[in-house]
There are 2 protein chains.
Amino acid sequence: MVDYAQIKKDLEGIAVEDHPALVKQKSRDFYWYSPILKSQLDNVTADLVVSPVTEEEVIRTLKVAYAHGAPITPRGGGTGNYGQAMPLSGGIILNMANMNKVKQILPGRVIAETGVIISELDKQTKAHSGQELRFHPSTAQTATIGGFIAGGSGGVGSITWGGLRDLGNILRLRVITMEAEPRILDLTGWDLQKVSHAYGTNGIITEVEMPLAPAYDWVDVLVGYDDFMDAVRFADTLAHSNGLLVKEIAPIAAPAPFEYFTRHKPYLKEGQSVVVIMVAPHSMGPFEALVSRYKGDIRFRSDKVESMKGIPHAYELAWNHTTLRALKIDPSITYLQVQYPAPDHVERVRKTVETFPGELIGHLEFMRFDGSIQCSGLPMVRYTTAERLEEIIRIHEDLGCPIFNPHRYTLEEGGMKQTDVVQLAFKRETDPKGLLNPGKMIAWDNPDFDFKAGKNYLFQGLAAFMEA
Amino acid sequence: MVDYAQIKKDLEGIAVEDHPALVKQKSRDFYWYSPILKSQLDNVTADLVVSPVTEEEVIRTLKVAYAHGAPITPRGGGTGNYGQAMPLSGGIILNMANMNKVKQILPGRVIAETGVIISELDKQTKAHSGQELRFHPSTAQTATIGGFIAGGSGGVGSITWGGLRDLGNILRLRVITMEAEPRILDLTGWDLQKVSHAYGTNGIITEVEMPLAPAYDWVDVLVGYDDFMDAVRFADTLAHSNGLLVKEIAPIAAPAPFEYFTRHKPYLKEGQSVVVIMVAPHSMGPFEALVSRYKGDIRFRSDKVESMKGIPHAYELAWNHTTLRALKIDPSITYLQVQYPAPDHVERVRKTVETFPGELIGHLEFMRFDGSIQCSGLPMVRYTTAERLEEIIRIHEDLGCPIFNPHRYTLEEGGMKQTDVVQLAFKRETDPKGLLNPGKMIAWDNPDFDFKAGKNYLFQGLAAFMEA
Ligand SMILES: Cc1cc2nc3c(=O)[nH]c(=O)nc-3n(C[C@H](O)[C@H](O)[C@H](O)COP(=O)(O)OP(=O)(O)OC[C@H]3O[C@@H](n4cnc5c(N)ncnc54)[C@H](O)[C@@H]3O)c2cc1C
Ligand SMILES: Cc1cc2nc3c(=O)[nH]c(=O)nc-3n(C[C@H](O)[C@H](O)[C@H](O)COP(=O)(O)OP(=O)(O)OC[C@H]3O[C@@H](n4cnc5c(N)ncnc54)[C@H](O)[C@@H]3O)c2cc1C
């Protein structure tokens with residue numbers, strides 16, 4: 001048994017919280033998005049929350065935890081929606097939110113501490129020199145940059161820049177290892193893949209260096225279409241228009257916009273699908289020319305409304321926020337994550353739309369993937385049973401549309417499918433006791449797990465919580 | 001007969017030049033690039049050069065010329081390489097180079113007079129707010145922005161933004177019509193296609209509004225490969241790397257780099273092909289990681305040389321500058337313009353490389369085309385006869401690689417193939433007497449011309465020069 005009372009003493013001088021209600025609060029994220037994760041993870045909680053304010057305090061905390069054999073689960077804003085930040089074996093939540101300084105802003109790059117809120121980072125780089133991050137998750141107002149790198153993949157701006165997986169979209173990460181004597185590593189180039197999207201299992205990020213793009217006063221536009229496929233075709237053409245600078249293109253099928261986008265409802269038309277778009281001000285003229293050629297119906301543009309007070313950013317209608325808004329109105333809704341490989345992505349979308357009338361509500365995100373335009377989908381699903389959800393996944397795969405299952409808490413089942421051997425080898429080096437966010441990397445915990453057996457992985461530590 | 005003495009009087013107060021040597025000098029461009037155009041156009045000359053400094057002077061000049069029935073050929077920097085700016089019927093050269101003021105710089109856009117030299121425009125926008133044009137021809141140091149729009153297509157930066165033909169890459173053109181009472185038109189959106197790439201046959205541009213991108217201190221890099229196809233494959237991968245910000249990617253086959261790039265020669269290795277690249281400083285780290293994975297040999301990088309004195313910009317090794325450098329060393333060289341349609345562009349390149357060993361020296365320019373990465377080629381050709389050149393063109397077309405013939409002075413034969421009905425209709429409206437740059441738009445001069453008959457178009461006015 002780990003002696004948390006002693007750990008608390010050993011951490012004297014560092015902010016530690018052990019009040020069960022407060023610890024429980026910092027032990028959850030948006031796992032409840034998934035009805036399946038909700039039932040699995042509901043009892044999960046840590047023993048302590050430690051909130052370092054300097055890298056030195058991080059190192060001290062890791063050293064103490066290592067000595068005691070206490071698991072450490074890092075946490076940024078806690079907006080992950082696969083339970084990424086939930087401590088499946090209990091232990092210590094390492095709350096990184098207080099390490100939030102922006103350290104240096106240069107042409108095309110910024111150096112910041114891991115815990116800075118993304119929108120705050122953008123605010124500072126914009127004020128400094130008219131720059132902003134290349135892309136951000138739709139949770140920019142609450143998520144941290146380090147949490148995005150460790151738990152996210154892409155978002156608003158990925159239509160231009162692709163995702164975090166792409167070489168050049170992260171420049172450097174400063175990482176502390178989980179060893180008797182924690183080391184400080186500065187990772188660049190291909191080495192970044194060892195730590196990015198590793199759910200905090202491969203070292204604690206303390207500092208990030210990220211590339212910047214020019215910041216513009218992006219105009220939010222909602223373009224209406226009576227037919228969802230017309231919306232998709234327009235979105236695809238827009239995405240392929242080299243000369244139009246946009247930051248977001250998301251077609252969302254009726255009835256979602258009118259039913260779920262309550263603050264925009266006065267501008268929308270019942271029964272219409274919409275394309276949610278962010279356009280650079282200097283592209284608005286030619287953008288309108290394209291919309292009119294494609295017979296779109298501009299229902300909303302943020303540069304023409306009297307006041308944006310009370311109206312959320314367009315990007316907060318997109319990505320996982322679409323589902324969030326649906327859930328608020330209709331809790332029976334859940335979702336999937338689908339890839340529609342280029343160049344036939346539009347035709348693949350058409351087939352899936354045709355296959356699930358009434359059951360799936362289309363939601364696509366256009367993005368650049370290895371240099372090509374394609375779309376991913378976050379279709380909303382009118383949830384009936386876990387079996388039917390599995391069946392819907394299978395039908396998608398038969399149609400050539402791979403699914404990244406958002407109802408799984410492990411790295412492998414959530415998307416990688418195979419173990420990332422680079423990440424696994426790195427873990428052996430930097431976390432020999434396997435104390436970092438245990439249960440998230442199947443390859444570490446159970447190298448013999450049979451992914452083909454049709455069973456989901458159930459982590460031991462979690463089993464204990466479920467019995468409790 | 002047009003009375004040029006009277007015209008000179010009528011233009012009192014506006015700068016007019018009629019000294020034959022000086023007029024002849026302003027009547028030529030880089031037509032001599034092509035051995036075929038050289039022989040056709042060598043005698044072409046205008047009667048007067050008029051150099052307005054204000055829009056008002058432009059209007060007065062057009063009015064006078066219209067009244068006298070004098071042809072007008074606008075001219076920017078005279079760097080066109082298809083004889084675009086050469087007055088096939090003589091008449092007036094309208095030299096726009098003195099209308100060169102930058103009027104307003106805004107976030108993402110600039111408003112300037114037509115005659116400003118492109119590199120000077122970039123210098124001013126960069127100094128003002130760290131911005132620059134999205135792309136420019138490799139002649140940026142000598143070409144005007146208006147001449148680029150009227151006579152060019154794309155260039156350095158097209159890997160990100162595509163070309164001038166793409167909606168959004170020109171925001172507005174202010175154009176004066178050639179009528180008894182010249183009108184001022186402000187064109188935007190789809191209307192821009194009436195005037196851009198019309199060789200000055202559809203109105204005189206006086207002012208342009210162009211989108212801007214962020215300016216960086218681009219690093220020039222030359223990466224060597226022993227095998228040209230390895231260079232091409234690396235270039236293609238680089239072009240598809242979403243996270244790496246580059247402005248130029250041009251693979252150039254041996255022996256060209258070592259033989260023709262005299263100022264870079266000390267850095268190059270005989271027998272190697274190179275990829276000419278411009279990289280944003282903040283992408284250099286991850287770029288090096290990619291080069292090393294693809295076993296490239298970085299021969300030159302401008303951020304590491306002691307001094308760039310006497311060394312040209314990397315982009316002045318690319319686009320039509322490659323041929324220019326070849327011609328200086330070996331006057332028997334000429335060139336073609338080839339398109340290798342995506343997604344099989346690399347394979348198509350391989351086939352053409354295989355087909356013309358020793359006769360063609362590969363030169364590719366990667367660019368974005370309707371949202372996809374592809375490459376165009378400007379292969380250097382060891383010229384033998386006009387017949388063999390036609391044969392090489394035919395073989396390319398048989399391999400699925402359309403040719404834009406750079407040895408033709410008309411819009412149609414140079415690339416459009418078909419008459420642009422929008423441009424033709426606009427010409428009827430804005431130049432009813434057909435006085436603007438006569439001979440460049442076959443559809444206007446000879447609507448019945450048979451493109452299939454295997455003969456090149458010979459403009460009447462030009463025939464007169466050739467007889468002289
Ligand atoms: C409504 C909604 C919308 C969303 N939209 C998007 C989107 O558009 N794109 C997208 O990619 N994701 C999206 N997500 C998922 C999530 O919000 C993002 O990945 C987000 O950036 C996570 O940041 P966070 O600070 O909240 O991280 P947390 O949830 O706190 O942590 C995420 C993971 O990172 C680890 N971690 C946190 N900090 C560190 C650190 N310093 N060192 C090492 N590991 C660390 C945690 O252990 C956890 O595994 C969305 C989620 C919701 C609920
Ligand atoms: C070495 C070399 C490299 C080159 N590289 C490129 C390249 O990378 N990309 C590319 O696209 N081209 C390239 N070109 C072609 C040419 O340089 C460009 O198109 C250039 O931008 C033309 O600009 P200019 O001012 O010299 O125009 P000019 O040659 O003076 O004129 C070009 C055409 O535009 C018309 N014109 C000029 N001003 C006006 C006006 N105000 N209103 C209406 N019509 C007008 C002229 O009548 C003429 O038909 C290259 C040429 C050379 C010789």
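Reminder, nothing fancy here: chain letters follow the sequence lines and each chain counts from 1.
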Which answer fits B:Leu167, side chain, backbone, both or neither, if we ask what part of it has an atom under 4.5 Å from a heavy atom of chain A? both
Which answer fits B:Leu290, side chain, backbone, both or neither, if we ask what part of it has an atom under 4.5 Å from a heavy atom of chain A? both
All side chain to side chain contact (heavy atoms under 4.5 Å, CB included) counterparts of A:Ala150, not counting sequence neighbours: A:Ile205
Considering all heavy atoms, the nearest B:Ala289-A:Gly189 contact: CB-CA, 4.2 Å
Cross-chain donor-acceptor list, chain A and chain B, 3.5 Å limit, no angles:
residue, atom, partner, partner atom, Å
A:Arg134, NH1, B:Gly243, O, 2.7
A:Asp166, OD2, B:Asn242, ND2, 2.9
A:Trp190, NE1, B:Ala289, O, 3.0
A:His240, O, B:Gly371, N, 3.1
A:Asn242, OD1, B:Gly371, N, 2.8
A:Asn242, ND2, B:Asp166, OD2, 2.9
A:Gly243, O, B:Arg134, NH1, 2.7
A:Ala289, O, B:Trp190, NE1, 3.0
A:Gly371, N, B:His240, O, 3.1
A:Gly371, N, B:Asn242, OD1, 2.8

Among A:Leu164, A:Ile373, A:Leu245, who wins on heavy-atom pairs under 4.5 Å with chain B? A:Leu245
Check each atom of B:Phe369 against the heavy atoms of chain A and say whether the ones under 4.5 Å are side chain, backbone, both or neither. backbone
Under 4.5 Å from any heavy atom of chain B, what part of A:Leu244 do you find: side chain, backbone, both or neither? both
